[in-house]
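First the proteins, then the strands, lettered A, B, ... as listed; each starts at 1.
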4 protein chains.
Amino acid sequence: MSNSSLRVGIAGLGRLGKRHAEQLARHTPGAVLSAACSPVPAELEWARTELGVRRCHADYADLLADPEIDAVVLVTPTTLHADQASAALRAGKHVFVEKPLSLDVATCEAVEAVAREHPDRVAMVGFVRRFDPSYARAKAAIDAGQLGRPFLVRSQTCDQNDPEGFFVRFAPSSGGIFMDCSVHDIDLARWMLGNPKALRAFASGTIALHPGLADCGDVDNGLAIVEFEGGQRAVFYASRTMPHGHETTTEVIGSAGTVQIGHGAHADRTEFRTAAGVQHAALPDFFARFADAFRIEMEAFVAACRGEIAPPLTLSDATEATRIGQAITASLRSGQPVEIKS
Amino acid sequence: MSNSSLRVGIAGLGRLGKRHAEQLARHTPGAVLSAACSPVPAELEWARTELGVRRCHADYADLLADPEIDAVVLVTPTTLHADQASAALRAGKHVFVEKPLSLDVATCEAVEAVAREHPDRVAMVGFVRRFDPSYARAKAAIDAGQLGRPFLVRSQTCDQNDPEGFFVRFAPSSGGIFMDCSVHDIDLARWMLGNPKALRAFASGTIALHPGLADCGDVDNGLAIVEFEGGQRAVFYASRTMPHGHETTTEVIGSAGTVQIGHGAHADRTEFRTAAGVQHAALPDFFARFADAFRIEMEAFVAACRGEIAPPLTLSDATEATRIGQAITASLRSGQPVEIKS
Amino acid sequence: MSNSSLRVGIAGLGRLGKRHAEQLARHTPGAVLSAACSPVPAELEWARTELGVRRCHADYADLLADPEIDAVVLVTPTTLHADQASAALRAGKHVFVEKPLSLDVATCEAVEAVAREHPDRVAMVGFVRRFDPSYARAKAAIDAGQLGRPFLVRSQTCDQNDPEGFFVRFAPSSGGIFMDCSVHDIDLARWMLGNPKALRAFASGTIALHPGLADCGDVDNGLAIVEFEGGQRAVFYASRTMPHGHETTTEVIGSAGTVQIGHGAHADRTEFRTAAGVQHAALPDFFARFADAFRIEMEAFVAACRGEIAPPLTLSDATEATRIGQAITASLRSGQPVEIKS
Amino acid sequence: MSNSSLRVGIAGLGRLGKRHAEQLARHTPGAVLSAACSPVPAELEWARTELGVRRCHADYADLLADPEIDAVVLVTPTTLHADQASAALRAGKHVFVEKPLSLDVATCEAVEAVAREHPDRVAMVGFVRRFDPSYARAKAAIDAGQLGRPFLVRSQTCDQNDPEGFFVRFAPSSGGIFMDCSVHDIDLARWMLGNPKALRAFASGTIALHPGLADCGDVDNGLAIVEFEGGQRAVFYASRTMPHGHETTTEVIGSAGTVQIGHGAHADRTEFRTAAGVQHAALPDFFARFADAFRIEMEAFVAACRGEIAPPLTLSDATEATRIGQAITASLRSGQPVEIKS
Ligand SMILES: NC(=O)c1ccc[n+]([C@@H]2O[C@H](COP(=O)([O-])OP(=O)(O)OC[C@H]3O[C@@H](n4cnc5c(N)ncnc54)[C@H](O)[C@@H]3O)[C@@H](O)[C@H]2O)c1
Ligand SMILES: NC(=O)c1ccc[n+]([C@@H]2O[C@H](COP(=O)([O-])OP(=O)(O)OC[C@H]3O[C@@H](n4cnc5c(N)ncnc54)[C@H](O)[C@@H]3O)[C@@H](O)[C@H]2O)c1
Ligand SMILES: NC(=O)c1ccc[n+]([C@@H]2O[C@H](COP(=O)([O-])OP(=O)(O)OC[C@H]3O[C@@H](n4cnc5c(N)ncnc54)[C@H](O)[C@@H]3O)[C@@H](O)[C@H]2O)c1
Ligand SMILES: NC(=O)c1ccc[n+]([C@@H]2O[C@H](COP(=O)([O-])OP(=O)(O)OC[C@H]3O[C@@H](n4cnc5c(N)ncnc54)[C@H](O)[C@@H]3O)[C@@H](O)[C@H]2O)c1
């Protein structure tokens, strides 16, 4: 590796953090995973032995103080994102922060303000689907005018049911199903529709399998309609209870064409024929669906930090997604449409 | 044909009426198309020469007075359905009436009351999708418990764009996109979910291509969420502006499985590979999609009239679909959720 | 029905004969099923009571002598086809004969000779797939030049395994798997490729599940390559042992495009998602696959007899298919390529 | 990277060699791309500047003499494979050699003999499809008995037409379409069927678009049937003239189930709907189809060299594929079935 490699420090080595760390250590040209940070000693030990990471910090402040780090990748619990991102920028580091930036719009805006003070630092949010080759092809077709004027997005994030209900325990801090899952769909809708201003949201939901969610006002299946200016619309569906696997799909409907992304949820290119009919396996989870996208996302972040490309998305994208997600969540709770003010 | 054939008189020989007439004349075992009724002489002439219908009436009263008719099939404009259906029952005829029974719930209930006075007469509404083999297989799977508890229906009725905008002229009397298109989806949702009570509706829409619709408060793309008791939900999408053809789909999501019906919209079993990629034609319209279902529907009506099967659906199904459709339409206009009272 | 209806007599009321009889009696405009012929009294009784056929003959000679019959539809055992078809023509009747016309080329040619003596009588062979809407669309695309020059056909006829092995008992008289199943594929290849002259055939096969076939030199899975003049080629696959259902497919490969017909074998438009993955039912048998085609085929025969259309295929098509089928069968037995002389 | 990383030297930096080099330099854990070898200075320059390869050799002998190399990856022209592989083994290096090992069976066997003298060195052939996740899933299903007894493989390798006809110039040394393309299908058939002994081959072909192939007895579309002992069969199709892209598919048919791999050739997960119908892009070439497999293949080679896994395939697999491929090619030329002796 050349001296000009971007030296990355990762914070958070949980379910997703481990994946990002592996990408950075093994598969991201132009980057070296120089440091890792976690309060959990076993996680640091894993980074050291599995990935050969030399600089391991139990304390996030130490990571930021580390002079051998150019950029920070934040895969920590959602509640820490905003403060850690701001601190990273203030420490002079580029920062990649997992979605959602914050569950609170004002907090998002505060991070944006910090970023404005550090215009030479890249600050990017982990809306990974934008980096998926299929989403990228759809977006390119839209930009090339192949769909005419896009006016409607239908998008879903549906996870396979986890009978153990892990996410029930996670629910109190997740921000609810719309902030946790649909935030991707919201971001995509804005992206595909050309960043229109959102005006209003309505949501409805149900608990199909996980009664424990009721305590925190959450549901395991949620529907939402968002109205944008200029008549554009989006409808979202989020589910935790799919029987077959992970099926994340998006459809963009334009005046001259539509594009569907992800329908069918094929795990791979096999199809079986037996006495039970014709069958194929579905994708087990979003890691399987977006493995390439996670890799390309890190490559894009590294390339942006190295000045090779413009940052493909900004903190403001995160703020707007949170703004809409919060309105949807408020509508779910109140049962009434919620105005979105910006 | 045996003497016991059901003697059917058809009223209305427009776009759909002609199809029903052909089915009855040529392809419906146990029935003879004995009479036709239309105010348009050319339509009657068509019935006489093409289908060999002997008894042609310009006036609906004459059709009902015809003693050689056992059953009436109504494919007249929507505004006539309710009165004509009631009159048919009072004249001692079985009656099949195209959807919607009426745009007004009270009017639907009035026809129901008449039907109760004639318990030996069959009164059936044209929710044709229930007779489509794919919908029937899905329903059978649900009834067999293969999906666990069904809790969500997602259903769409999407027509290919008609650049001439015929339906714009039709809009003032159609009842709007939800009454005209989604009424099928509404009926299916009730059927698939086990006839739950509808509690509330919210709708939103947009005009993508046909500004003329604004005058009558209609849209060419509409979205609606319906909340049923017990936490069941439905979300509907109706469009007049599909670029590729007719794509009517329904998905039923249960606690243990889901079923999708109609996705892909293949016109047939061909798939082409050229420099433009892999391509297949889409269905042009609902006639192409539901040709079999229209035939089976008429067979079912005839069989019910002949006492061979129980009527597969009742006027009450029509009333409930109108009730929900009206609430959705009211929500579209008010922008607020609308309570559904029954 | 008008006096000008074609009066049809059917001979053979077995598995396929019953279907043709139902079509003719109930669903074929312009035809009346006036008579039926079978040596089996119960079959005639079925025609009388189920279809209202008045004129029932135990003896084929009586059917031909019946002056109230304009056309004969032969669905009798293969060994009877040629003689019965010739006799029908000599009796002044139009004739539809199920495939194969004969297992013997000379016999086919003899029937052709008889037909030439009766140029005003229609003589048509039951290559039903030509009437399937998907095959028709493919052929139309080829004729319109959309595939460039078609040079290769890959075609299969694959039946669901019948554990009872009915066809094993049928094998001694079926002519073998290639004459019984692939004869359709052979006809399609000729049709799609523009009736090129066949030069040579090579075949190979195996017995996967039904050892009883060995006695008559037959296999339950067979492969064949046919070389046509001008470099055109075809490859066929026939199987009796599919686990999932009936999957009949054809692919035509041209210099500028290809078309696939029938891949996927969807029984209908439903797709299920459960813990077992994504699944759809396959077509159970060729009746389910070609129900429409059998109807359209009879309509075409009736229309040809009534002079409304030119006969869509000729006895010579049957002769050529038999010629190729016999060469393939001879190659299967000898293990060597077989020249095809015409 | 730890000291125990496998130090790899690559020979050949052409179309495929560049890909392997990138994988090894950037994405293969446990390996370092230490050296490169090519007679073309510009190719070495690319390896130096793009991949940071320090040790660049114009002469293959120098690569083998390099003490800092543990393993050699051969992506050189086919005619060099055998000698270079033997030399690598004799120099004490592990060797990965691209397919085909040789166009000549005796030469393959000679390399096998050398390998036997170096039992502690890994010698592996680049049958990349075995490492594709879909092929791997299919194989696992077969090994788990889900298909019953597999008895038939149908497999194709079909490239998009290259109007420039690059491969025509390549034809004289490629060994012909069956050695160049079908060798993968042959290897897969053996793998999926459990390595049965091949008995006989028959082939036929045609030139659809590239008359220049006639000079070297080659075709641009070829069909072949291979007979294995125990009644197992395979049928292959290879084409250079696909209009839409690369479509490599394989079907394994067993007594209780079948599996299809790769049908549909979707480039990604998008599907467009426009006035032209429903369309998706096809894969452009085998690099797009097998990008993951090429990566996994190199990982497997590296893991085998490091003793972490048993070599997933052996030189003998290459010998048998050549044996069958040669018989097919001989049959194409003679027009007669060719016995396969081992
Ligand atoms: N983009 C996506 O599709 C996607 C998918 C999954 C998760 N996420 C987001 O990623 C984030 C992490 O999710 P997860 O599922 O990996 O969670 P997790 O709970 O598995 O991991 C959190 C990690 O953060 C570490 N951590 C806690 N406090 C820390 C601190 N002060 N400093 C450094 N590390 C600390 C924990 O030890 C743990 O390793 C969440 O915000 C989530 O929303 C995004
Ligand atoms: N089930 C479905 O999927 C479906 C599809 C299309 C239409 N429809 C319904 O069918 C009905 C007819 O639709 P259409 O598109 O065929 O309309 P249309 O306008 O083409 O035809 C209406 C027909 O009614 C005749 N008519 C008018 N007044 C009459 C009277 N007093 N007595 C007898 N006939 C009279 C007209 O002459 C015409 O033949 C509508 O209610 C529509 O909602 C249902
Ligand atoms: N086109 C297709 O796809 C297709 C499909 C199935 C069968 N076929 C062909 O149809 C023919 C019949 O097949 P099947 O499966 O119905 O056979 P089957 O054995 O079920 O029926 C044969 C019928 O012929 C009757 N029959 C026997 N001798 C007769 C005679 N002398 N006169 C009148 N009737 C006589 C029998 O009673 C029986 O009703 C075969 O030639 C077969 O190849 C074609
Ligand atoms: N596994 C697959 O799917 C697959 C796909 C493509 C190619 N291949 C195989 O890979 C091999 C290379 O194919 P290609 O398309 O990359 O060919 P290519 O002609 O593009 O590349 C050949 C390379 O070998 C180099 N070379 C020539 N002589 C050499 C020598 N003496 N020492 C070292 N390098 C030398 C050339 O400079 C060039 O870089 C062929 O054997 C081909 O069959 C396999």
Side-chain angles (χ1 to χ4, degrees), chain A residues 146-154 156 158 161 199-211 214 219-228 230-237 239 241-244 247 249 251 253-260 263-265 282 331 334-337 339, chain B residues 146-154 156 158 161 199-211 214 219-228 230-237 239 241-244 247 249 251 253-260 263-265 282 331 334-337 339:
Chain A
Q146 289 171 25
L147 270 52
R149 187 179 70 92
F151 63 86
L152 175 61
V153 167
R154 304 201 287 171
Q156 75 175 43
C158 293
N161 186 50
L199 303 177
R200 227 164 61 113
F202 178 81
S204 184
T206 195
I207 294 179
L209 287 177
H210 298 281
V219 294
D220 55 18
N221 280 265
L223 298 163
I225 292 172
V226 174
E227 298 173 337
F228 295 94
Q232 289 178 311
R233 297 286 180 269
V235 57
F236 303 120
Y237 173 43
S239 174
T241 64
M242 285 293 111
H244 62 304
E247 191 157 359
T249 66
E251 185 177 7
I253 296 169
S255 54
T258 81
V259 57
Q260 297 194 349
H263 289 69
S331 175
S334 70
Q336 297 304 319
E339 307 280 327
Chain B
Q146 288 171 26
L147 269 53
R149 187 179 69 91
F151 63 87
L152 175 61
V153 167
R154 303 201 287 172
Q156 74 176 44
C158 292
N161 186 51
L199 302 177
R200 226 163 63 114
F202 177 82
S204 184
T206 195
I207 294 181
L209 287 177
H210 298 280
V219 294
D220 56 17
N221 281 264
L223 298 163
I225 293 173
V226 174
E227 299 174 336
F228 295 94
Q232 289 178 312
R233 297 287 180 269
V235 57
F236 303 119
Y237 173 43
S239 174
T241 65
M242 286 293 111
H244 61 303
E247 191 157 358
T249 66
E251 186 177 6
I253 297 170
S255 53
T258 82
V259 57
Q260 297 194 349
H263 289 68
S331 175
S334 70
Q336 297 304 319
E339 307 281 327

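- Side-chain contact check for B:T206 versus A:E227: every heavy-atom pair is 4.5 Å or farther apart.
- Between chain B and the options A:A203, A:G231, A:G148, A:G254, the largest number of non-hydrogen pairs under 4.5 Å is found for A:G231.
- The CZ atom of B:R154 lies 4.5 Å from the CD atom of A:Q156; values are rounded to the nearest 0.5 Å.
- At a 4.5 Å heavy-atom cutoff, the contact between B:A256 and chain A is made by backbone atoms alone.
- Residues A:F202 and B:I225 meet the side-chain proximity criterion, which asks for heavy atoms closer than 4.5 Å.
- Residues A:S204 and B:R233 come closest through the heavy atom pair OG-NE, 2.7 Å.
- Interface summary for chain B: among A:L152, A:V219, A:D220, the most heavy-atom pairs under 4.5 angstrom belong to A:L152.
- Highest contact tally toward chain A, considering only B:S239, B:S255, B:G335, is held by B:G335 [criterion: heavy-atom pairs under 4.5 Å].
- A 4.5 Å side-chain heavy-atom check between A:P243 and B:T258 finds at least one atom pair inside the cut-off.
- Going from atom CZ of A:F151 over to atom CG of B:L209 covers 6.5 Å, rounded to the nearest 0.5 Å.
- Looking only at heavy-atom pairs under 4.5 Å with chain B, the residue among A:I253, A:N161, A:L147 that has the most is A:I253.
- The two residues B:R149 and A:I207 have their closest heavy-atom pair at NH2-O, 4.1 Å.
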